[in-house]
Amino acid sequence: MSEKAGSFHKPYNREQGGIPEAERGEQRAESSRLSRKKQAQSPADQHYERMRELGCFTLQDVTEMVGERAAVAYLVNDYQRKGYIDRIHRNLYTVIDRDTGEPLLNRYQIGSRLFPDAYIALRSAFEAQGYAPQAGNEVFVATQTRFTDFRYNGVFYRRVHPKTGADRSWVDKSLVTGIEQTVVDCLHSFEGSRGLEEAVECIIGLPRLDMDKLLECLERYGNGYLYQKCGYVLEQLQSYVKLPKAFYRECREHCASTVRYMLKGADGLVYHKGWGVYAPAYLESGEE
């Protein structure tokens with residue numbers, strides 16, 4: 001009896017498009033390896049990239065990621081145990097860089113994410129913009145939300161009152177006060193001789209200041225003594241700031257009529273009649 005076509009197995013012919021048994025075995029092994037890898041990946045691992053994009057996040061953010069409120073606590077605890085995230089304060093977490101073991105965001109980026117309205121102010125704003133000689137061990141966060149000063153990763157985060165209408169901008173993913181706003185804020189809020197010295201150290205390294213922006217900031221405060229302080233200090237630093245004479249005339253028009261002491265209880269203050277203030281002697285030349 002003759003054999004019918006197709007009733008027997010033909011030898012493998014590459015031109016016919018078949019796959020050798022050896023190659024099929026390799027494919028099965030690779031598929032099995034990928035399957036095991038996927039199964040071993042925890043829910044936290046699957047959300048790592050999204051958390052990296054956020055840098056800082058809240059439990060509400062995690063709920064949106066996983067879609068199940070009941071799974072949030074497990075995921076966060078698992079992630080902390082693995083060292084992928086760290087709790088900053090209350091309901092705020094930061095992603096930890098796997099390579100360095102440090103927070104993915106810097107201190108200013110963290111500070112401006114503490115609360116929805118938070119931004120970096122005072123000397124910390126100069127630091128964030130690169131105009132401070134060196135970084136201190138504290139970050140000043142302006143926000144309407146009350147919080148107790150706390151320490152995270154060696155840095156103290158301190159709350160200051162925000163200023164209505166304050167000029168702000170994003171610098172390296174941190175929301176900080178503008179240069180002119182920071183100058184006025186620092187001269188309004190400095191504490192003691194060291195605080196004034198630190199403000200002066202930053203101001204002398206600034207790029208050219210905008211007179212109109214400075215006056216807008218002063219107008220928002222509406223404080224005659226602040227016009228005195230800013231006018232006097234900046235005039236003594238004129239070789240650095242190079243502001244037009246019109247700025248100082250405007251400040252004098254709004255100055256308080258009373259004589260003020262820039263440093264209460266300090267010795268060696270010099271009276272400057274043109275501004276009606278007692279100030280440290282070194283400010284007469286802009287140097288200590």
Side-chain angles (χ1 to χ4, degrees), residues 119-126 129 131-132 140-144 158-168 176-288:
Y119 60 89
I120 305 303
L122 301 177
R123 178 185 167 85
S124 302
F126 280 142
Q129 297 173 82
Y131 297 124
F140 294 101
V141 180
T143 174
Q144 292 285 3
R158 305 193 185 280
R159 176 183 179 253
V160 296
H161 291 284
K163 184 63 183 173
T164 301
D167 176 44
R168 297 163 297 169
V176 305
T177 50
I179 294 175
E180 289 78 11
Q181 183 74 56
T182 309
V183 169
V184 175
D185 289 347
C186 284
L187 293 179
H188 174 265
S189 305
F190 71 82
E191 296 182 357
S193 178
R194 183 54 191 158
L196 177 58
E197 292 170 11
E198 289 178 346
V200 169
E201 288 172 354
C202 295
I203 291 171
I204 63 178
L206 296 177
R208 186 134 189 180
L209 296 171
D210 186 300
M211 179 188 82
D212 293 331
K213 287 185 177 180
L214 282 172
L215 292 174
E216 287 172 4
C217 295
L218 287 166
E219 184 178 2
R220 283 194 286 271
Y221 272 98
N223 184 316
Y225 177 38
L226 185 56
Y227 278 99
Q228 278 178 289
K229 286 197 291 185
C230 285
Y232 172 70
V233 171
L234 294 177
E235 188 177 64
Q236 306 317 304
L237 304 178
Q238 177 63 7
S239 60
Y240 299 101
V241 299
K242 297 180 171 57
L243 286 165
K245 293 181 179 179
F247 171 75
Y248 302 109
R249 286 198 301 267
E250 188 72 18
C251 285
R252 284 191 170 91
E253 289 181 7
H254 293 86
C255 279
S257 58
T258 56
V259 174
R260 307 299 289 265
Y261 287 77
M262 289 183 62
L263 298 173
K264 293 182 179 180
D267 296 327
L269 299 182
V270 176
Y271 180 64
H272 193 89
K273 184 177 180 180
W275 291 99
V277 295
Y278 280 91
Y282 70 81
L283 272 180
E284 291 191 338
S285 63
E287 301 175 349
E288 287 192 70

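Computed from a predicted model, the values in this text were never measured in an experiment.
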Open item on the list: Quick check on Gln238: does its CD atom have over 12 non-hydrogen neighbours (other residues, nucleotides or ligands) under 6.0 Å away?
Closed with: yes
Open item on the list: Any side-chain to backbone donor/acceptor pair from Tyr278 onto Val259? Under 3.5 Å, distance only.
Closed with: no
Open item on the list: Show, in sequence, the C-alpha distance, side-chain angles and deciding distance for His188 and Lys163, and conclude whether the side chain to side chain contact (heavy atoms under 4.5 Å, CB included) test is met.
Closed with: CA-CA 12 Å; His188 174 265; Lys163 184 63 183 173; over 6 Å; no
Task: Straight-line distance of Arg168 CZ to Ile120 CD1, nearest 0.5 Å - done: 12.0 Å
Task: Side chains of Pro280 and Val270 in contact at under 4.5 Å (non-hydrogen atoms) - done: no
- [ ] Taking all non-hydrogen atoms of both residues into account, name the closest pair between Ala142 and Pro162 and its distance.
- [x] CB-CA, 3.9 Å
TODO: Mind listing the closest non-hydrogen atom pair of Lys242 and Arg208 along with its distance?
DONE: O-NH2, 3.2 Å
Task: Under 3.5 Å donor-acceptor, Gln181 side chain and Asp167 backbone - done: yes
TODO: Rounded to the nearest 0.5 Å, what's the gap from CE on Met262 to CZ on Phe190? Could you check?
DONE: 4.0 Å
- [ ] May I ask you to establish whether Lys273 and Tyr271 are in a cation-pi arrangement, using a distance under 6.0 Å from NZ or CZ to the six-membered ring centre and at most 45° from the ring axis?
- [x] no
Task: Sole residue of Tyr232, Tyr225, Tyr227 in side-chain contact (heavy atoms from CB on, under 4.5 Å) with Lys229 - done: Tyr225
Task: Shortest non-hydrogen separation from Leu206 to Val183 and the atoms involved - done: CD1-CG2, 3.5 Å
Open item on the list: Quick check on Glu253: does its CD atom have over 12 non-hydrogen neighbours (other residues, nucleotides or ligands) under 6.0 Å away?
Closed with: yes
TODO: With the side chain counted from C-beta on, respond yes when Cys230 and Leu214 share a heavy-atom pair under 4.5 Å apart, and no when they do not.
DONE: no
Open item on the list: Donor-acceptor pair, distance only, cut-off 3.5 Å: does the side chain of Arg123 make one with the backbone of Cys186?
Closed with: no
- [ ] Output the distance between atom NE2 (His161) and atom OG (Ser189), rounded to the nearest 0.5 Å.
- [x] 10.0 Å
Open item on the list: Distance check, rounded to the nearest 0.5 Å: Arg220 atom CZ versus Asp185 atom CG?
Closed with: 9.0 Å
- [ ] Rounded to the nearest 0.5 Å, what's the gap from CD1 on Ile179 to CZ on Phe126? Could you check?
- [x] 8.0 Å
Task: Main-chain N/O of Thr177 paired to Thr182 side chain as donor or acceptor, under 3.5 Å - done: yes
Task: Basic-acidic side-chain contact under 4.0 Å: Glu197, Arg194 - done: yes
TODO: Check whether any side-chain N or O of Glu250 sits under 3.5 Å from a backbone N or O of Ala246 as a donor-acceptor pair, and report yes or no.
DONE: no
Open item on the list: Distance check, rounded to the nearest 0.5 Å: Tyr131 atom OH versus Ile204 atom CD1?
Closed with: 14.0 Å
- [ ] Give a yes or no on whether the backbone of Cys255 and the side-chain of Gln228 come within a donor-acceptor separation of less than 3.5 Å.
- [x] no
- [ ] Evaluate the side chain to side chain contact (heavy atoms under 4.5 Å, CB included) criterion for residues Leu243 and Tyr248: first the C-alpha distance (whole Å), next the side-chain angles of each, then the deciding distance (0.1 Å), finally the verdict.
- [x] CA-CA 8 Å; Leu243 286 165; Tyr248 302 109; 3.8 Å; yes
